[in-house]
Amino acid sequence: MAEKGNASAEFYLGLLYRNGQGVPRNEAEANAWLRKSADQGYPPAQYFVAVLTKQPTEAFDWYKKAAEQDYAAAQFRVGEIYDFGVLAPRDRAESLRLWRMAAERGYGPAISRMGMLYVTGDLPTDKVQAFKWLTLALMQPDSNFGELSRPAVTMLRNSVGQSMTPEQIAEAQQEAKDWQPTPEAWVEKWRTR
């Protein structure tokens, strides 16, 4: 399928060569297949090429392409770039918008970030929303917290909870229980190809 130009097959073949799974490990071959897939617009490949490239400007371009296709990990990364203002002008509103989109799609580091932003006042202070997002973060695997650790998220959530009424806590817990991530649009688009 990869040899016939299927972008998702090119991506997975690139990963197989990169990891030496079922084929000899071959970084040049891996990069060639990943680049072919990225050039066709496949968001996971665009993100992976961004991670692998040594050129920051090129990485930013690939991250943006994947983010524009609703790829949550790329949305989070582009949000960080806008927040730090290193490869693009600092744009706090855009970083907040992208982080929210990534969180709403279920991307763990963005979920943790949303809880933190509601606590720190970077978003309008909202204890119910802070508690909800931090509760959702604690439901993530340990490897998916971003810059925060499970104990840090737990401590932050408990700190917020101490200043909430039982009704507010119940509301936040219910919102977390009812929450469902928004599917990433790119998945459906590429499924039909």
Would you mind reporting whether Thr154 and Asn158 have side-chain heavy atoms less than 4.5 Å apart?
yes
Under the rule for side chain to side chain contact (heavy atoms under 4.5 Å, CB included), what residues qualify as partners of Glu58, not counting sequence neighbours?
Arg35, Thr53, Gln55, Trp62
How far apart are the closest heavy atoms of Ala66 and Pro43, and which atoms are they?
CB-O, 3.7 Å
Donor-acceptor under 3.5 Å (Thr120 side chain, Met116 main chain):
yes
Distance check, rounded to the nearest 0.5 Å: Glu94 atom CD versus Gln75 atom CD?
10.0 Å
State plainly whether one hydrophobic cluster holds both Leu87 and Tyr82, where clusters connect Ile, Leu, Val, Met, Phe, Trp and Tyr through side-chain heavy atoms under 4.5 angstrom apart.
yes
Pairwise side-chain contact, Ile81 with Val86, heavy-atom cut-off 4.5 Å (strictly under):
no
Under a single-linkage definition using a 4.5 Å side-chain heavy-atom cutoff for Ile, Leu, Val, Met, Phe, Trp and Tyr, are Leu136 and Leu123 assigned to the same hydrophobic cluster?
yes
Look up atom CH2 in Trp133 and atom CD in Gln129, then write down how far apart they are to the nearest 0.5 Å.
7.5 Å
Do Phe131 and Gln168 have side-chain heavy atoms sitting under 4.5 Å apart?
no
Determine, using the 4.5 Å side-chain heavy-atom cutoff (strictly less than), whether Ile169 and Met155 are members of one ILVMFWY cluster.
no
Inter- and intrachain pairs under side chain to side chain donor-acceptor pair (under 3.5 Å), touching residues 10-27, at least two apart:
Glu10-Gln40
Charged N to carboxylate O under 4.0 angstrom, Lys65 versus Glu68?
no
Report yes if some heavy atom in the side chain of Trp190 is under 4.5 Å from a heavy atom in the side chain of Pro44; otherwise report no.
no
What side-chain donor-acceptor pairs closer than 3.5 Å can you find for residues 98-111, not counting sequence neighbours?
| residue | atom | partner | partner atom | Å |
| --- | --- | --- | --- | --- |
| Trp99 | NE1 | Phe76 | O | 3.3 |
| Arg100 | NH2 | Tyr118 | OH | 2.7 |
| Arg105 | NE | Asp70 | OD1 | 2.4 |
| Arg105 | NE | Asp70 | OD2 | 3.2 |
| Arg105 | NH1 | Met101 | O | 2.8 |
| Arg105 | NH2 | Asp70 | OD1 | 3.0 |

I'd like to know if the side chain of Arg150 and the backbone of Gln140 have a donor-acceptor N/O pair within less than 3.5 Å.
yes
Do Gln174 and Asp178 get their side chains close enough for a donor-acceptor pair, meaning under 3.5 Å?
yes
According to ring-ring contact (aromatic ring centres under 6.0 Å, His included), who are the partners of Phe48, at least two apart in sequence or on a separate chain?
none
Should Arg113 and Glu80 count as an ion pair when the cut-off is N to O under 4.0 Å?
yes
How close do Ser37 and Ala7 get, counting heavy atoms only, and between which atoms?
OG-O, 2.7 Å
Please determine, by modelled atom types, if Ser8 and Asn6 share a side-chain donor-acceptor pair under 3.5 angstrom.
yes
Is there side-chain contact between Leu134 and Val119, with at least one heavy-atom pair below 4.5 Å?
yes
Does the side chain of Glu184 pick up a donor-acceptor pair with the side chain of Gln69 at under 3.5 Å?
no
Pair Trp33-Glu29, side-chain donor/acceptor within less than 3.5 Å
yes
List the residues meeting side chain to side chain contact (heavy atoms under 4.5 Å, CB included) with Asp61, not counting sequence neighbours, and say none if there are none.
Thr57
Is there a path of hydrophobic side-chain contacts, each under 4.5 Å between heavy atoms of I/L/V/M/F/W/Y residues, joining Leu15 to Val23?
no
For the CG atom of Leu96 and the CG atom of Asp83, what is their distance to the nearest 0.5 Å?
7.0 Å
Give the ring-plane orientation class for Tyr71 versus Tyr47, where under 30° counts as parallel, over 60° as perpendicular and anything between as tilted.
tilted
If Ile, Leu, Val, Met, Phe, Trp and Tyr residues are connected whenever their side-chain heavy atoms lie under 4.5 Å apart, and connections chain through other members, are Phe11 and Val187 in the same group?
yes
Heavy-atom donor-acceptor pair, Ser112 side chain to Ala137 backbone, under 3.5 Å:
no
Which residues pass the side chain to side chain contact (heavy atoms under 4.5 Å, CB included) test with Ser163, sequence neighbours left out?
Lys127
